[in-house]
There are 2 protein chains.
Amino acid sequence: MEDGTAERVRPRDRILETARDMFHKHGIKGVGVDAITEAAGTNKMTLYRHFESKDDLVIECLRATACSANAMWQKFEAEHPGDKLAQLHAWVRMAADCLLMDGRGCDMANAAIELSETDHPARRVIKELKQAQRDRLVGLCRDAGIGQAELLADTLSLLLEGARVSLQSVGAEGPSAQFVRMAEGLITSFRAR
Amino acid sequence: MEDGTAERVRPRDRILETARDMFHKHGIKGVGVDAITEAAGTNKMTLYRHFESKDDLVIECLRATACSANAMWQKFEAEHPGDKLAQLHAWVRMAADCLLMDGRGCDMANAAIELSETDHPARRVIKELKQAQRDRLVGLCRDAGIGQAELLADTLSLLLEGARVSLQSVGAEGPSAQFVRMAEGLITSFRAR
DNA sequence: TCTAGAAGTTACAGACCGGTAACACCCTAG
DNA sequence: CTAGGGTGTTACCGGTCTGTAACTTCTAGA
């Protein structure tokens with residue numbers, strides 16, 4: 001029986017999803033493997049049968065996050081096929097929504113801050129995934145016909161990254177409240193050049 | 001003997017300075033009080049005679065950081081007395097220098113990310129100190145004769161915050177490398193309005 | 001020199017952490 | 001029905017963490 005309802009989720013996936021959520025909310029060093037497995041309705045042994053170590057689990061969580069981000073990008077393309085400028089505005093809207101909904105920032109950035117050891121295995125992954133996201137945004141800006149595509153993409157990246165961390169330190173009434181206005185203003189300004 | 005050489009530093013100050021440095025480099029949850037006291041050439045009992053708890057020490061460290069930031073602002077005023085626009089450019093230069101020199105981001109922001117518990121005592125302090133810095137930058141922009149002073153100040157804030165975290169996730173070759181160009185461009189653009 | 005308070009030392013409590021071993025269980029494919 | 005792999009359970013290891021107690025040593029000031 002292949003279980004058409006698909007109700008039964010594999011322990012590995014449950015652990016991964018639960019860990020993602022808990023790492024996101026409480027930070028990596030803020031949750032232990034015991035808490036994760038308990039919340040996932042399983043146990044520590046099962047976790048260590050599927051993941052080599054906590055660090056390994058962290059890395060898999062980051063990859064899963066990157067995968068979700070990919071889905072976002074595909075949604076942009078699906079909703080505005082071929083219209084790169086509309087996709088760029090959709091990116092801004094999505095970013096703003098994340099700011100409003102979420103409260104906690106980017107998992108990769110948070111992990112990078114928390115895992116300060118320069119040789120931590122997750123650092124490689126974070127760097128490469130962040131780099132991929134950057135390239136994607138640069139590509140989008142370029143395809144949208146913006147001259148200084150790299151500069152706009154990098155500026156938007158920094159603005160979003162800054163907004164996410166500002167949200168956590170100053171709060172929602174802080175500078176991050178103006179994110180959309182800043183981003184849209186920048187796009188207009190770069191398009192006029 | 002009042003010790004004119006002032007070589008002898010009080011244990012409390014040694015602990016505070018050492019803790020600041022270590023928290024900055026390795027994060028709050030990344031260093032224990034034992035490591036701090038050992039590096040400060042003292043012991044745990046002395047730490048707990050001067051600070052109620054580790055959280056209390058963290059808060060004092062953040063206040064000390066804010067105090068250092070104040071000194072920066074006074075330096076701007078001293079170097080460019082009355083010339084607010086020059087002080088704004090000095091702020092950009094200082095921010096860029098910090099990015100190049102440091103590698104690790106803003107202590108307050110890092111702490112906010114690490115201490116995810118919403119009721120953590122340090123959160124109040126972080127918020128109020130960050131708010132003060134923001135107000136200061138807004139005031140500088142306004143006094144420099146910029147129309148939309150709040151918007152420029154907030155944009156610069158987010159850019160710097162973003163650059164600091166981007167530095168830790170993507171690295172020095174990432175978007176943060178363009179910080180000065182972005183900031184100067186923004187100032188020019190806002191002045192033209 | 002005497003004294004009081006600050007600082008150092010050692011040991012410990014109690015909790016949590018990541019990770020492993022041994023064993024019992026269940027469920028599904030053959 | 002049966003075999004075997006995935007899973008659950010319990011107990012444990014060694015280490016680290018914050019925080020405290022009791023005691024000794026140092027040092028500055030009268």
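Proteins get letters first, then strands, A, B, ... in listed order; numbering begins at 1 in each.
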Taking the minimum atom-to-atom distance to the side chain of [X], which one of [options] wins?
{"X": "A:T46", "options": "D:dT18, D:dG8, D:dA22", "answer": "D:dG8"}
{"X": "B:H50", "options": "C:dG8, D:dT20, C:dA7", "answer": "C:dA7"}
{"X": "B:V33", "options": "D:dT18, C:dG8, D:dG8", "answer": "D:dT18"}
{"X": "B:T42", "options": "C:dG19, D:dG8, C:dG8", "answer": "C:dG8"}
{"X": "A:R49", "options": "C:dG8, C:dG18, C:dA22", "answer": "C:dA22"}
{"X": "B:S53", "options": "C:dG18, D:dG8, D:dG19", "answer": "D:dG19"}

Once you round it to whole Å, what is the distance between [atom2] of [N] and [atom1] of [X]?
{"X": "B:L47", "N": "D:dT18", "atom1": "CG", "atom2": "P", "result": "10 Å"}
{"X": "A:D55", "N": "C:dC17", "atom1": "CG", "atom2": "C1'", "result": "13 Å"}
{"X": "A:R10", "N": "C:dT28", "atom1": "CZ", "atom2": "C1'", "result": "10 Å"}
{"X": "A:Y48", "N": "D:dC12", "atom1": "OH", "atom2": "C1'", "result": "15 Å"}
{"X": "A:R14", "N": "D:dG6", "atom1": "CZ", "atom2": "P", "result": "15 Å"}
{"X": "A:D56", "N": "C:dG18", "atom1": "CG", "atom2": "C1'", "result": "14 Å"}
{"X": "B:D34", "N": "C:dT10", "atom1": "CG", "atom2": "C1'", "result": "13 Å"}
{"X": "B:D13", "N": "C:dA7", "atom1": "CG", "atom2": "P", "result": "10 Å"}

- Message: Using a distance-only criterion (donor-acceptor N/O pair, under 3.5 Å, no hydrogens), is the base of C:dG19 paired with the side chain of A:K54?
- Response: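 No, the side chain and the base share no sub-3.5 Å donor-acceptor pair.
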
- Query: Side chains of B:S68 and B:R20: does their closest heavy-atom pair fall under 4.5 Å?
  - Reply: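 A side-chain contact exists here, since the closest heavy-atom pair is under 4.5 Å.
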
When you measure from the side chain of [X] to the backbone N and O of [Y], does any donor-acceptor pair fall under 3.5 Å?
{"X": "A:E77", "Y": "A:G82", "value": "yes"}
{"X": "A:H120", "Y": "A:S116", "value": "no"}
{"X": "A:S189", "Y": "A:G185", "value": "no"}

- Task: Assign each of B:N43 and A:M45 to its nearest nucleotide of DNA chain C by heavy atoms, then name whichever residue's nucleotide is nearer the 5' end.
- Result: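 Its nearest nucleotide being more 5', the pick is B:N43.
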
- With a 3.5 Å cut-off and no angle check, do the side chains of B:D154 and B:S157 form a donor-acceptor pair?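 Their side chains do not contain a donor-acceptor pair, so the 3.5 Å distance test is not met.
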
